[in-house]
Amino acid sequence: MSVIRQKYWVIHCRSTIKRVIHSCLPCVRSHKELCQQVMADLPAARVTMAPVFARVGVDFAGPITTKPVGIRTRIVTKSYLALFVCMTTKSIDLEVVSDLTTEGFIATLKRFVSRRGCPSDIYSDNGTNFVGANNKLKSLYHCLSQSEFQKSINTHCVSVNIKWHFNPPASPHHGGLWEANIKSAKIILYKNMGNDVLSNRGYLKQ
């Protein structure tokens, strides 16, 4: 328009140019307005101050090929990687799991608690192994809370009560924090491990 007005003064020049541009299909496609995804508010567990690993998210990665230590055998087994991520600081703790069972995960959870302390809240996908672990922890807590057991069991063991939060079924986007770290851990692990077989030292069992 500025070039045209250097020599001519066209009546209704601006509206005419807009009408031509809006009716031009290639121009509309090349100047399309992109959609902007609206960012939802972070959950309270992500923005509330808390000690490291007080609130954690957990997920599995794998499988990875492992071989028992101290046994001369060619038999290899599948193991998995349990990732615990702090909801506040995004710190990562990686543990090896012998199988995708409730017992295997509880053994891994015990190992995590002995190293990092007992978390107050755990967030995870709605997996069957996580559901089973949550049910067993609930029954254990109710058993320890009964009056006949409280006198013989240490007080701090009775107070260990982990509150479990499950994502809605078929909603992996609710666990974006640990899903992103699972991706990073798998990339690093597979690049460094290649086709090597890792050693299973036996402390994967409960």
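Every value quoted in this text rests on a predicted model; they were computed, and no experiment measured them.
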* Asked: Rounded to the nearest 0.5 Å, how far does CG of Asp121 lie from NE2 of His165?
  -> 3.5 Å
* **Shortest non-hydrogen separation from Cys86 to Pro51 and the atoms involved** =>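 What the structure gives for the nearest pair is SG-O, 4.5 Å.
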* To do: For residues Ser120 and Arg55, report the shortest heavy-atom separation together with the two atoms involved.
  => OG-CG, 4.0 Å
* Counterpart residues, ring-ring contact (aromatic ring centres under 6.0 Å, His included), relative to Tyr80 (two or more places apart) -> none
* Cys24: what forms a side chain to side chain contact (heavy atoms under 4.5 Å, CB included) with it, not counting sequence neighbours? -> Pro26, Cys27
* Qualifying ring-ring contact (aromatic ring centres under 6.0 Å, His included) pairs with a residue from residues 89-122, counting only residues at least two apart or across chains -> Phe53-Phe112, Phe60-Phe105, Phe84-Phe112, Phe105-Phe130, Phe105-Trp164
* Among residues two or more places apart or on two chains, list those pairs meeting salt bridge (charged side-chain N to carboxylate O under 4.0 Å, His left out) that have a residue in residues 8-22. =>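 Salt bridge (charged side-chain N to carboxylate O under 4.0 Å, His left out) check on residues 8-22 returns no pairs.
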Only distances under 3.5 Å count here; give the side-chain donor-acceptor pairs of residues 88-97 to other protein atoms, sequence neighbours excluded, each with its distance to 0.1 Å.
residue, atom, partner, partner atom, Å
Thr89, OG1, Ser91, N, 3.4
Thr89, OG1, Ser91, OG, 3.0
Asp93, OD2, Arg116, NE, 2.8
Asp93, OD2, Arg116, NH2, 3.1
Glu95, OE1, Arg111, NE, 3.2
Glu95, OE1, Arg115, NH1, 3.0
Glu95, OE2, Arg115, NH1, 3.0

For residues 178-187, tabulate all N or O donor-acceptor pairs below 3.5 Å that involve a side-chain atom, not counting sequence neighbours.
residue, atom, partner, partner atom, Å
Asn181, ND2, Leu177, O, 2.6
Ser184, OG, Ala180, O, 3.3

* **Side-chain touch Pro119/Ile122, heavy atoms, less than 4.5 angstrom** =>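 In contact.
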* N/O donor-acceptor pair under 3.5 Å between Ser124 side chain and Val58 backbone ->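 No; judged by distance alone, with no hydrogens or angles, the pair does not exist.
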